[in-house]
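Count residues from 1 along the sequence.
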Amino acid sequence: MFQTRPPLFLLFISIILLNSGCASVQVADERDPFEGFNRAVYAFNDDLDRSILKPLATGYQKVVPTPVSNSISNFFSNLDDVVVLLNSILQLKFEQSLSDFARITFNTTFGLGGLFDVATPMALPKHNEDFGQTLGHWGVGPGPYLVLPFFSSRTLRDGLALPVDWELDPVGTVDDDGTYWATKALYVVDTRAGYLRASRILDTAALDPYTFMRDAYLQRRQNLVYDGNPPQSDIDDFDPFSEEFDPLADPGDATPGEPAP
């Protein structure tokens, strides 16, 4: 049953809070007060990726025909659109919600369960919404940057939002644990295969991959929360703990904002 699948990130949050009380480290970036711990987790995730996930994704890409892998990606994208739709509604984006609903309807029916994306050519674009963005939309600040085991870059807000997105995920309705984990494993490998080219660029372009990933994630999340129109502010002055920080501030204000995978 779904209850047998514990949210491992909650254990991580407990560990990081315990460790944060035991260490006194000079913070180089105010967005990243747990940088030492985050770098250790980043190294763990990177080793896991290089030793297991990347080889699996590379083999998957070589063995699975492109039309088949595209259909698998479309299938998971269609499931994700359910999460997008629910978060669009929670953000009161009603026009976008109608588009999301129509997209799911056409891809599920004419797209044979989502295996084919027939909605995009019909001017029904895929949107990107999750519960972390919903919290940001309603004024919840990002909090400190975190690197979670297995889940990579997050902010405290996005990490705490993960269980909600899991509950909204249609895969979570699968009762059989074997089927559930097999589906999740396929999703992870298929997703990682889609990032192979990006990881090669990261390996060759970034002097410090950790800093590159952190800044890219935060900027992307900032952009997603504000639907592509973030406040005009100096990201170096960004302070997620500031009482003056308002994620819903008018883009014309000088108030800092928050950033995105």
key: Inter-residue atom distance Leu112.CG - Asn74.CG, 0.5 Å rounding   =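 Between Leu112 CG and Asn74 CG, I get 11.0 Å after rounding to 0.5 Å.
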message = Quick check for you: to the nearest 0.5 Å, what is the distance between Asp47 atom CG and Ile52 atom CD1?
response =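 Nearest 0.5 Å value for the CG-CD1 distance: 10.0 Å.
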message = Tell me the closest heavy-atom pair linking Ser153 and Tyr145, and the distance in Å.
response =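 Looks like OG-OH, 2.7 Å.
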With no hydrogens and no angle check, is any side-chain donor or acceptor of [X] less than 3.5 Å from a backbone partner on [Y]?
{"X": "Ser77", "Y": "Ser73", "answer": "no"}
{"X": "Ser69", "Y": "Thr66", "answer": "yes"}
{"X": "Asp169", "Y": "Asp165", "answer": "no"}
{"X": "Arg154", "Y": "Phe151", "answer": "yes"}
{"X": "Asn107", "Y": "Leu115", "answer": "no"}
{"X": "Ser99", "Y": "Glu95", "answer": "no"}
{"X": "Asn87", "Y": "Val83", "answer": "yes"}
{"X": "Trp138", "Y": "Gln133", "answer": "no"}

Do [X] and [Y] meet the criterion of a side-chain donor-acceptor pair at a distance under 3.5 Å?
{"X": "Gln96", "Y": "Gln91", "result": "no"}
{"X": "Thr155", "Y": "Arg31", "result": "no"}
{"X": "Glu35", "Y": "Asn38", "result": "no"}
{"X": "Ser152", "Y": "Asn45", "result": "no"}

ask   = If you look only at pairs with a residue in residues 42-90, which of them pass as a ring-ring contact (aromatic ring centres under 6.0 Å, His included), with sequence neighbours excluded?
value =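 As it turns out, the ring-ring contact (aromatic ring centres under 6.0 Å, His included) pairs with a partner in residues 42-90, which skip direct neighbours, are Tyr42-Tyr210, Phe44-Phe150, Phe76-Tyr187.
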request  = Just grab all the ring-ring contact (aromatic ring centres under 6.0 Å, His included) pairs involving residues 111-133, residues at least two apart or on different chains.
outcome  =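 For residues 111-133, and leaving out neighbouring residues, there are no ring-ring contact (aromatic ring centres under 6.0 Å, His included) pairs at all.
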Does [X] reach the side chain of [Y], with side-chain heavy atoms less than 4.5 Å apart?
{"X": "Glu129", "Y": "Thr134", "result": "no"}
{"X": "Val41", "Y": "Leu148", "result": "no"}
{"X": "Asn223", "Y": "Gln219", "result": "no"}
{"X": "Arg214", "Y": "Asp29", "result": "yes"}
{"X": "Leu85", "Y": "Ser97", "result": "yes"}
{"X": "Arg220", "Y": "Asn128", "result": "yes"}

task = Would you check, one step at a time, whether the test side chain to side chain contact (heavy atoms under 4.5 Å, CB included) holds for Thr108 with Asn78?
result = CA-CA 7 Å; Thr108 301; Asn78 191 50; 3.1 Å; yes
Check this for me: does any side-chain nitrogen of one of [X] and [Y] sit under 4.0 Å from a carboxylate oxygen of the other?
{"X": "Arg192", "Y": "Asp49", "value": "yes"}
{"X": "Arg103", "Y": "Asp117", "value": "yes"}
{"X": "Lys126", "Y": "Asp100", "value": "no"}
{"X": "Asp46", "Y": "Arg39", "value": "no"}

ask   = Should Tyr226 and Val84 be regarded as members of a common hydrophobic cluster, given that ILVMFWY residues are connected when their side-chain heavy atoms come within less than 4.5 Å of each other, either directly or indirectly?
value =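 Tyr226 does not cluster with Val84.
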task = Go through the steps to decide whether Asp227 and Lys93 satisfy the test side chain to side chain contact (heavy atoms under 4.5 Å, CB included), and finish with yes or no.
result = CA-CA 11 Å; Asp227 296 327; Lys93 297 177 179 178; 2.9 Å; yes
